[in-house]
Amino acid sequence: MDRGLRRVIHKRQHPLAAGLLLLWLLALILALTGLGGVPLVDWDEGIVARVALETSDLPWPERLWPTTWGEPYLNKPPLIHWLIAACIDLWRQFGTVAGSGAGLVHGGVIPGAIPMATPAEALPPEWVLRFAPSVLSSLLVPLLGLIQWRLRPGERTTALATAAIALTLLPLARHGHRVMLDGVQLLAIALLWWAVLGAVGSWRRIFVWGVLAGLAGSALLLLKAPTALPVLVSALVLRALERDLRPRPWLLLILALLVGLLPGLTWHLGHWLVRGDGALQMWLGQGYARIGSAIEGHRDGPLSAVLEMLEGGWPWLPLWPFGLVLAWRDRRRKAGLWCLGLTLAMSLMVLPLRTQLPWYSLLLWPPFALVCAPVLTWLLDRQRQGRPPGSGWLIRLPRFWGLIGVVVLAAALGSLLGWLPPLRPAAAIALVFGSALVIGAWLLSQEERRQRQLGGLVLMLGTWVALLLLLASPLWLWELQERWPVPRLAPLLAGHQSKEVRLWQQDERPSLNWYAGRRLRGEDHLTLAPGETILLLSLQVPQAPELRCQALGSQAPLTLYRCGLEPGGSKP
């Protein structure tokens, strides 16, 4: 790198840092909005919350080996559970008003809790459980901008555009909000990419950045162990294709990586020594088994991930094909090589899975932001170098955005006028998003560069405000509508703590277990002795031969029944 380019980059670093800091603050506002008040949902939120709660009750070193309902927890490694347990510890120490579990008000980011003593046995509110995953996930926004800066040194606008796209992607904002590990996993993956890209120059620099890349790999080993190997291998392959490191620096980089991987590898070794072959379930039963089999009935295949991309990439989705073509044209340069390589690597990690869940496609969004950003930058400044292929069509793209904006505005107005009642709860969100599309598209269509730049800013901020309104409402967690809502069951079960309660002809619900404070297993068939009774939670009166049930209380949609055999009846 010549001195002139170094001076240009140095002059632009301070504005870049300020811009990325501002975008991270916007991401942090999103992260802290609406964390509480919306119940946990199945499956992951209920399971992760329970494991974290039990972890917080364990002393060290027992915390190293988490449990769920007193049994060994073998689903995922415990890094996110440790972080949430630490938040629970702080909440217990300083105390908050648990109340309805809101903690953070729906419409803002100001904690609304009044300090007071919190009983150790009380359930932590939802905002405490979601705090650590959400805040850490917000760091992905500036980190992707820094990765783009390393791919395209000196292109400050492209780096900021990358962070802005990541800030306004609905899947990243929504799933990063949940009591899950996927948002933090993306942060660890991006940190590994950034560190591997930074391993250039002096031997000391290579070693330091190599250790950082290894520590990011350790974080992956402690989040989703099976993802660590393909992520690390793909990054090293792309680094090798740059052909700028000789054998000795490569050896130093591998050594540094191994040093950084030691914490994660040590935990897995200790886990195997403590729990034996059951520890392999994190790698086989919950990891590589999802490639060849459908776990828990999820058989959607790659079509599910494709649909998630088509649904969640707006308003930036139309930029993606142009970005991929541009990356292919520049495939012999560092930026094109990495954009294509990361897109391919993440696609190969997601699309072959026979088990598909909505958040699996999260792996595709960081490469998406890296690919789309240079196209957005050219759209703002058409005089810059790097004109994308198909730019004639690209110039017309704002008209398409404007058309979509008109449709969204029409739907919002129709809902307010009563023509589209189902859309009324989201009317304000649609009004903001539609207005941003229409105004931003009009400005982006102008010839003057400053007007186009203002149009990009309007489109980004309008989308951000729409996301803010969504996260401030209960609508962001729409999985709550997929099954009957989980009620607060403590009053209903308060007088029956010494008796086992079963969930009649329903699958076990981890979120229901969480709010009930006990494990409620599903029950389809009863085997009772004469005079024996059992407590059943049911959506309707339990029906079985010779079975007599008495309602003890109800909290919609569930009713608690005491059931036993009819006098003289036989076993059901």
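Atom set for the values below is all heavy atoms of this structure, side chains included, hydrogens, waters and symmetry mates excluded.
Aromatic ring orientation, Trp209 versus Trp194: perpendicular (interplanar angle above 60°, classes split at 30° and 60°).
The closest side-chain heavy-atom distance from Trp314 to Ile404 is below 4.5 Å. Within the 4.5 Å cutoff, no side-chain heavy atoms of Thr68 are placed close to those of Asn75. The shortest distance between side-chain heavy atoms of Pro366 and Leu342 does not fall below 4.5 Å. For the pair Met460/Leu23, a side-chain contact is recorded, criterion being any heavy-atom separation below 4.5 Å from C-beta on. When side chains are defined from C-beta on, Leu437 does not count as touching Thr463, because their heavy atoms never get closer than 4.5 Å. Put simply, the side chain of Leu40 reaches to within 4.5 Å of the side chain of Glu126, judged on heavy atoms. The shortest side-chain heavy-atom distance between Trp476 and Arg178 falls under the 4.5 Å cut-off. Side chains of Ser511 and Val41 form no contact here, defined as non-hydrogen atoms less than 4.5 Å apart.
Scanning all heavy atoms of the two residues, the minimum distance from Ala436 to Gly462 falls at CB-CA, 3.5 Å. The nearest pair of heavy atoms linking Leu370 to Leu144 is CD2-O, 3.8 Å. A pairwise comparison of heavy atoms in Arg452 and Leu444 identifies O-CD2, 3.3 Å as the closest pair. The two residues Leu136 and Val184 come nearest to each other via the heavy atoms CB-CG2, 4.0 Å. Taking both residues in full, the closest heavy atoms of Leu28 and Ser138 are given as CD1-OG, 4.0 Å, listed atom of the first, atom of the second, then distance. Nearest approach of Leu380 to Arg449, heavy atoms of both residues: O-CG, 3.5 Å.
Atoms CG and CG, from Leu467 and Leu167 in turn, are 7.5 Å apart once rounded to the nearest 0.5 Å. To the nearest 0.5 Å, the span separating CZ on Arg333 from CZ on Arg331 amounts to 13.0 Å. Interatomic distance, Ile429 CD1 to Leu468 CG, rounded to the nearest 0.5 Å: 10.0 Å. The structure places CD1 of Ile165 at 9.0 Å from CD of Gln148, a figure rounded to the nearest 0.5 Å. Atom CD1 of Ile147 sits about 8.5 Å away from atom CH2 of Trp338, to the nearest 0.5 Å. Separation of atoms CG (Leu16) and CG (Leu146) is listed at 6.5 Å; rounding is to 0.5 Å.
Using modelled atom types, one side-chain atom of Arg396 and one backbone atom of Gly392 make a donor-acceptor pair closer than 3.5 Å. A donor-acceptor pair under 3.5 Å is formed between the side chain of Ser473 and the backbone N or O of Leu470.
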**OP:** Decide yes or no on side chain to side chain contact (heavy atoms under 4.5 Å, CB included) for Cys87 and Leu129, but give the supporting numbers first.
**Re:** CA-CA 7 Å; Cys87 292; Leu129 303 170; over 6 Å; no
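For residues 24-49, the pairs satisfying salt bridge (charged side-chain N to carboxylate O under 4.0 Å, His left out) are Asp42-Arg509, Glu45-Arg130, with sequence neighbours left out. A salt bridge (charged side-chain N to carboxylate O under 4.0 Å, His left out) check over residues 220-240, counting only residues at least two apart or in different chains, returns the pairs Asp182-Lys224, Arg239-Glu242, Arg239-Asp244.
Applying the ring-ring contact (aromatic ring centres under 6.0 Å, His included) criterion to Trp24, with sequence neighbours excluded, gives no partner residue.
Defined by atom type and a distance below 3.5 Å, a donor-acceptor pair is present between the side-chain atoms of Thr168 and Trp316.
Under a cutoff of 6.0 Å and an axis angle of 45°, Arg174 and Trp478 form a cation-pi pair.
By the 6.0 Å contact criterion, CD on Glu448 is enclosed, its count of non-hydrogen atoms from other residues, nucleotides or ligands being greater than 12. Crowding of Arg382 atom CZ: a count of heavy atoms from other residues, nucleotides or ligands under 6.0 Å exceeding 12.
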